[in-house]
Amino acid sequence: MSPIGRRMSNSFWSSRGRPSPGILALILVAGCGLSFFGGEQLHASMVKRDADVLHGVVVSADPPQLLSRNRRGDPNLDHDLKNNSIGAKIDSDSEVAQAGATAVATPAKWVQSRWKVLVFANQRLESLKRLGVSLQRAHINETVSVQFFLEKGQPREIYDYASTFEWPHGPVSVMARHSQGGLINAILEGWYPTRDAEWAIFLEDDIEVSPYFLQWAQEGRRVCEVDSSCIGVSLYSPMLNELVKPKVALTDRLKALSPDSAYMAQVPCSWGAAYKPAPWQKFRRWALHQSPDGRYGGELNLALASGWAASWKRYLLELMLVMDWTVLYPFINNEHAAYSTNHLEVGEHIKVADDFNHRREDYEHDLLNVPPPTLHGPITIRLDHLYDIIADTIATAKIERIRLRNLPRTGCQAYSLEGHRELIDPGLGVTVVMTFFYTKARFPSFLANARTYCSYSSVKRIIIVWHNRDFRPPTMAVCNQERGTTAHFVLPRVPDTLSNRFIPTYRILTEAVMTVDDDILISERDMVRMSTVLAAGGYNQVVGPFPRWYSTSESNDPSSEEEQVLKYMYKPGKPGANPVGYPIMLTKVHLSHFSLYSHYYCDAAYESLRNTVEQIRNAEDLLYIKVAADMFTPPSLFVLTADPIHDTGVVGLHSKGGHNEARSMMLQLCSYNDSFWSTDVVLPPGTAVTQYDDTIYNEQHDRVIER
């Protein structure tokens, strides 16, 4: 029996031989919609991990029948909840620690619903009533459950209203906090979907919905479910772009773009929206790694995602930009009409209602009282998070001259390796990371290579590390419409250095990463060949077609503390001079595991060596192999390519004076030794070479076409 099974069996029976009230509550909660067993399930591992993060929340079962009640003076919830109950408190170890009170029977008539309405309330009774009335007046044509989430310390009237809410369309439940959580935690803990068929509609208490809100959500869901990039349907239609300063109106721009009744945008909505279960699971698990203490106030990785300082939307916006996700929005010719509206009331985010920064006319909508139009997908207009059209090619994307202010914070401050693992596609595929310094002269060659990589079926995404910080690149471009492959541009905020090519970014979505210069082009067959070798070795090498060597000799300097002198070499040494092998793989092009980026860029142990790379503007590849060698041996594997490699570079670092001397110095600083040299390993026949000589070197060299 598993440890979880043992814990449950030990606590199942009370000392008097009856089921413990905590377990009884857990069973009833599971029957009321959590669906831990049976039905259409998301991955069981998701459910287990989700249960592990619940804390400080009181869970109730569904009304209406009260079986028993036994309130015992909870200091935070000292109200007599009429016709409802408080169930079990779930602690941080995801076990039922105690029974708050009673269990409630669930009516057998309810079929499993496709919709769950989540209502978040905090101190605004009249607002909550207004929202409740709008829900009760809505045209509901299928089973819909409602769940109230109450912050700690609510007035008795709010508990009474939620616990007696009349809703003939499905089960109703109430969750009330024992401890202060805040809106971000309430939203993230509010929905733990266990069925692929269940969508959730998030409504804060200052929202009001149209009588046709569900019909619009149904229509949007029909289109969104067949679009893998679409994660939800907004009931609200924004009138302002809040992510630019000053805020600008959107309506005229949308009228010029689209005659359709809807559009896609890379912006989440919190003023009435329905979300898909699987993307929400991924979002919530990833968000937990961004703030393990639950405070959610840290840095994020992308440019304007930090605009909503106290909102959960900034985290979902961040992940939408990472994952190429969109939300479907209604486009109404009447700019002051929608299927939900925000009444802009004082609360956690709005401190002063109807002031200069938040004018009611810019946010409040009239509620549509007509059925929604039929949507004919796919929705063609897609806007980025700045509400500009997402470019369909890299060539059509805007490249603008900029100042160096207000650039995105990239790197380690806003990065979690464990959070990144939540986003990785475990299947085969490659993320291509190109390094590029923008000039008009180099752009055509770079563009041609990027387009070619976009055409490869095994490429999941292209990331361009944009080293010229005097020009703002586009945020993204859809470079392969058929497969939805996108190109993302990373603009480092730190001073430009060769180490920036290894910036850890959540936008890497595969285990295999191909690091490549903008002037190098390899065939898809060879890229797949190298990724196959990488996977066969457990992602424990740096795999590529450009090895390099070093020689060792005894030091003749009596004042030197080094016993041996290391010298960088372009070709293998003389037979017998060194172990036969190769310790280095150039960053012209190589494949490695995505986690090496964060170890290189963020581990404190390599800080002084990274500083050396910045000072000498050289040898980042030698340090990368050093990091790999510290993690696994051998660090490098050579793959003999089947097709020519095109190298369009004319001038490189190797042509500058002192190049070999700088690299030899880096070898010494990295303490290269014989353990770096490759030895025999078991790999697919004919794909990789561990024993190396001049014949193989010449054979590979002949495959490089320079122009």
Side-chain angles (χ1 to χ4, degrees), residues 393-395 429-468 473 477 479-480 483 485 487-489 498 501 510 512-534 542-548 570-571 582 584-592 620-621 624 636-656 659 686-689 692 695-707:
T393 68
I394 300 174
V430 177
T431 299
V432 175
V433 177
M434 302 180 72
T435 183
F436 178 58
F437 188 93
Y438 174 78
T439 66
K440 288 185 178 180
R442 293 177 66 93
F443 190 72
S445 173
F446 152 77
L447 183 60
N449 289 345
R451 283 173 170 170
T452 301
Y453 288 131
C454 272
S455 70
Y456 293 171
S457 60
S458 52
V459 170
K460 303 302 181 184
R461 173 174 289 173
I462 294 181
I463 297 172
I464 296 100
V465 180
W466 190 270
H467 289 273
N468 190 340
C479 59
N480 189 304
R483 287 190 302 276
T485 308
H488 286 239
F489 297 79
L498 292 172
R501 72 187 310 164
T510 58
V513 182
M514 187 173 83
T515 308
V516 61
D517 290 349
D518 64 277
D519 52 11
I520 295 291
L521 181 65
I522 67 169
S523 69
E524 181 169 18
R525 176 166 63 162
D526 284 326
M527 186 180 68
V528 171
R529 187 181 177 94
M530 288 191 288
S531 65
T532 301
V533 170
L534 182 65
V542 178
V543 176
F546 290 107
R548 289 294 183 265
Y570 276 95
K571 293 185 178 182
Y582 46 90
I584 301 166
M585 198 60 61
L586 291 187
T587 47
K588 278 177 175 285
V589 56
H590 66 48
L591 275 78
S592 61
E620 82 285 2
D621 48 355
Y624 197 75
S636 304
L637 278 177
F638 167 74
V639 173
L640 186 65
T641 59
D643 299 314
I645 298 175
H646 295 272
D647 184 351
T648 59
V650 178
V651 177
L653 286 175
H654 63 275
S655 63
K656 296 182 178 180
H659 175 69
T687 57
V689 176
Y692 203 96
T695 301
I696 298 177
Y697 173 84
N698 292 331
E699 187 176 350
Q700 179 64 70
H701 191 268
D702 291 341
R703 283 175 165 78
V704 179
I705 299 176
E706 299 179 350
R707 61 182 182 200

(request) For a side-chain contact (heavy atoms from CB on, under 4.5 Å) with V430, tell me which candidate from M530, E524, M514 qualifies. (result) M514
Looking only at heavy atoms, which two atoms of [X] and [Y] are closest? And how far apart?
X    : Y    : answer
Y453 : I520 : OH-O, 2.8 Å
G429 : A512 : O-CB, 3.7 Å
I462 : A450 : CD1-O, 3.3 Å
P547 : F638 : CD-CD1, 3.5 Å
H590 : L586 : CD2-O, 3.3 Å
D518 : N449 : O-ND2, 2.8 Å

(message) Between S455 and T452 (side chain of the first, backbone of the second, donor and acceptor by atom type, cut-off under 3.5 Å), is there such a pair?
(response) yes
(request) Using atom types as modelled and distance alone, determine if a side-chain donor or acceptor of N468 lies under 3.5 Å from a backbone N or O of Y438. (result) yes
(request) Step by step, work out the side-chain contact (heavy atoms from CB on, under 4.5 Å) result for R529 and T641. (result) CA-CA 8 Å; R529 187 181 177 94; T641 59; over 6 Å; no
(message) Between D647 and K588 (salt bridge meaning N to carboxylate O under 4.0 Å), is one present in this structure?
(response) yes
For residues [X] and [Y], determine if any side-chain heavy atom of one lies less than 4.5 Å from a side-chain heavy atom of the other.
X    : Y    : answer
V459 : C454 : no
V533 : L637 : yes
V433 : R501 : no
V639 : D526 : no
V589 : D517 : no
F546 : I645 : yes

(message) Measuring from atom CE of M527 to atom CG of D643, what distance do you get when rounded to the nearest 0.5 angstrom?
(response) 12.0 Å
(message) Quick check for you: to the nearest 0.5 Å, what is the distance between L498 atom CG and D621 atom CG?
(response) 9.0 Å
(message) Can a side-chain donor-acceptor contact be found between T515 and Y624 if the only test is distance below 3.5 angstrom?
(response) no
(message) So, using side chain to side chain donor-acceptor pair (under 3.5 Å) as the criterion, who are the partners of N480 when residues are at least two apart?
(response) none
